[in-house]
S.K.: 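Please read through the structure below; I'll follow up with questions.
Reckoned from all heavy atoms, side chains included, excluding hydrogens, waters and symmetry mates. Throughout, residue positions are numbered sequentially from 1 according to the sequence presented.
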Amino acid sequence: MFSTTLVLLLLFVNVGKALTSCNPGKTTCVTEDLLHMIMRAVPTFKDSNSKADLERRPTFFASLKTSQTLSSIRDIVKFDDAKINIGGGYDSTTGIFTAPRNGIYIFSCAIMANGGGEVQFQLNKNDQLYTGGYAAKSGYGAQTVNSLVELRTGDKVYIKHRTGLSQNVLGSHYSTFSGYLLSK
């Protein structure tokens with residue numbers, strides 16, 4: 001962004017010097033036409049990657065402090081330690097992220113099974129399966145699921161249990177859930 005601003009500034013200074021040689025009112029002055037085109041294009045440089053937009057993009061990262069037993073297919077994993085929650089979209093008491101803005105979001109979830117167990121889980125968008133996951137039986141089996149999801153304001157995303165069997169998710173910050181607005 002800084003280099004783009006510097007290039008534009010230098011271009012404006014040089015074009016400004018060249019304008020002194022243009023005859024006002026003449027449409028044949030290429031430099032003057034170029035300056036007008038650039039001035040009309042400048043607002044387009046303020047895109048979704050501007051510093052102000054990046055500072056307010058919905059972003060969260062939460063981990064599971066205490067191991068959690070999932071016994072019902074309706075159980076939602078409540079990642080209870082929200083370390084980052086820009087925009088306030090993640091609720092650690094419910095385990096649900098509610099989109100504060102429209103856009104394409106990226107979500108990542110790492111689930112580690114406690115002990116020699118397994119955990120069947122899924123990422124849901126508005127009560128519908130979006131991506132499935134499975135932390136396999138092995139010492140401490142784990143799986144990470146990454147998903148790009150298009151959301152509208154108010155849409156909900158969360159991690160839930162995928163079976164009626166009782167399964168244990170390891171806490172101690174080994175299991176995590178995160179997401180952020182990637183683009184509009």
S.K.: Can you tell me if N146 and S108 form a side-chain donor-acceptor pair at under 3.5 Å?
M.R.: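 Judged by distance alone, the side chains do pair up.
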
S.K.: Under 3.5 Å, side chain of K160 to main-chain N/O of I73, donor-acceptor pair present?
M.R.: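 Judged by distance alone, yes, a pair lies under 3.5 Å.
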
S.K.: Hey, what's the ring geometry for F79 with F177, parallel, tilted or perpendicular (30° and 60° as the breaks)?
M.R.: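 Tilted: the ring planes of F79 and F177 meet at 30° to 60°.
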
S.K.: Going by heavy atoms in the side chains, are L181 and T59 under 4.5 Å from each other?
M.R.: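 A side-chain contact under 4.5 Å is absent here.
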
S.K.: Where the side chain of R101 meets the backbone of T153, is there a donor-acceptor pair that is under 3.5 Å apart?
M.R.: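 Not confirmed, R101 side chain does not pair with T153 backbone.
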
S.K.: Inspect the surroundings of NZ in K83 and state if more than 12 heavy atoms from other residues, nucleotides or ligands are less than 6.0 Å away.
M.R.: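 It does: K83 NZ has more than 12 such atoms within range.
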
S.K.: The test is side-chain contact (heavy atoms from CB on, under 4.5 Å); show your working for Q122 and I159 and say whether it passes.
M.R.: CA-CA 6 Å; Q122 65 190 49; I159 306 302; over 6 Å; no

S.K.: In the structure I gave you, are the side-chain heavy atoms of T176 and L64 within less than 4.5 Å of one another anywhere?
M.R.: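 No, too far: nothing below the 4.5 Å cut-off.
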
S.K.: Once you round to the nearest 0.5 Å, how far does CG of L165 lie from OG of S72?
M.R.: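 Atom-to-atom, L165:CG and S72:OG are 11.0 Å apart.
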
S.K.: Let me check something: do I106 and I104 share a hydrophobic cluster, defined by ILVMFWY side-chain heavy atoms less than 4.5 Å apart, either directly or through other members?
M.R.: yes

S.K.: Return yes if some donor-acceptor pair links the side-chain N/O of T94 with the main-chain N/O of I96 below 3.5 Å, else return no.
M.R.: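 Present.
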
S.K.: Group every Ile, Leu, Val, Met, Phe, Trp and Tyr by side-chain heavy-atom contacts under 4.5 Å, then state whether M112 and Y158 land in the same group.
M.R.: no

S.K.: Between atom CG of D91 and atom NZ of K78, what is the distance when rounded to the nearest 0.5 Å?
M.R.: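 Separation between the atoms: 10.0 Å.
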
S.K.: How many angstroms lie between OG1 in T98 and CG in L151, if you round to the nearest 0.5 Å?
M.R.: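 The distance works out to 10.0 Å.
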
S.K.: Which heavy atom of G171 sits nearest a heavy atom of S67, and at what distance?
M.R.: N-OG, 3.0 Å

S.K.: Compare all side-chain heavy atoms of K184 with those of N102 and state whether any distance is below 4.5 angstrom.
M.R.: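 Not in contact.
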
S.K.: Could you give the distance from NZ (K125) to CG (D155), rounded to the nearest 0.5 Å?
M.R.: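 The NZ atom of K125 sits 5.0 Å away from the CG atom of D155.
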
S.K.: Could you tell me whether the side chain of S175 and the main chain of L170 form a donor-acceptor pair under 3.5 Å?
M.R.: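 Pair found, side chain donor or acceptor close to backbone of L170.
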
S.K.: Taking atom types as modelled and ignoring hydrogens, do the side chains of Q167 and H161 form a donor-acceptor contact shorter than 3.5 angstrom?
M.R.: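 Yes, side-chain donor-acceptor contact under 3.5 Å.
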
S.K.: Main chain of Y90, side chain of N85: is a donor-acceptor contact present, judged purely on distance under 3.5 Å?
M.R.: yes

S.K.: If I take atom OG1 from residue T66 and atom CG from residue D81, how far apart are they, to the nearest 0.5 angstrom?
M.R.: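 Interatomic distance, T66 OG1 to D81 CG, rounded to 0.5 Å: 9.5 Å.
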
S.K.: Would you say the ring centers of Y180 and F107 fall short of 6.0 Å from each other?
M.R.: no

S.K.: Measure the spacing between CG of N114 and CG of N168 and express it to the nearest 0.5 Å.
M.R.: 5.5 Å

S.K.: Does the side chain of S63 reach to within under 4.5 Å of the side chain of Y174, using non-hydrogen atoms?
M.R.: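 Not in contact.
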
S.K.: Where the side chain of Q143 meets the backbone of Y134, is there a donor-acceptor pair that is under 3.5 Å apart?
M.R.: yes

S.K.: Search all heavy atoms of A142 against all heavy atoms of A135 and return the closest pair with its distance.
M.R.: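 A142 and A135 have their closest heavy atoms at CA-CB, 4.0 Å.
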
S.K.: Hey, is the main chain of K65 close enough, under 3.5 Å, to the side chain of D80 for a donor-acceptor pair?
M.R.: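 Pair found, side chain donor or acceptor close to backbone of K65.
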
S.K.: Quick one: which of T144, V119, V145 gives a side chain to side chain contact (heavy atoms under 4.5 Å, CB included) with I111?
M.R.: V119

S.K.: So which atom in F97 and which in P100 form the shortest heavy-atom distance, rounded to 0.1 Å?
M.R.: CZ-CD, 3.8 Å

S.K.: Ignoring hydrogens and angles, tell me if any N or O in the side chain of R162 forms a donor-acceptor pair with the backbone of G133 under 3.5 Å.
M.R.: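 A pair under 3.5 Å: yes.
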
S.K.: Give a yes or no on whether the backbone of L148 and the side-chain of Y130 come within a donor-acceptor separation of less than 3.5 Å.
M.R.: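 Flag set: sc Y130 to bb L148 pair under 3.5 Å.
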
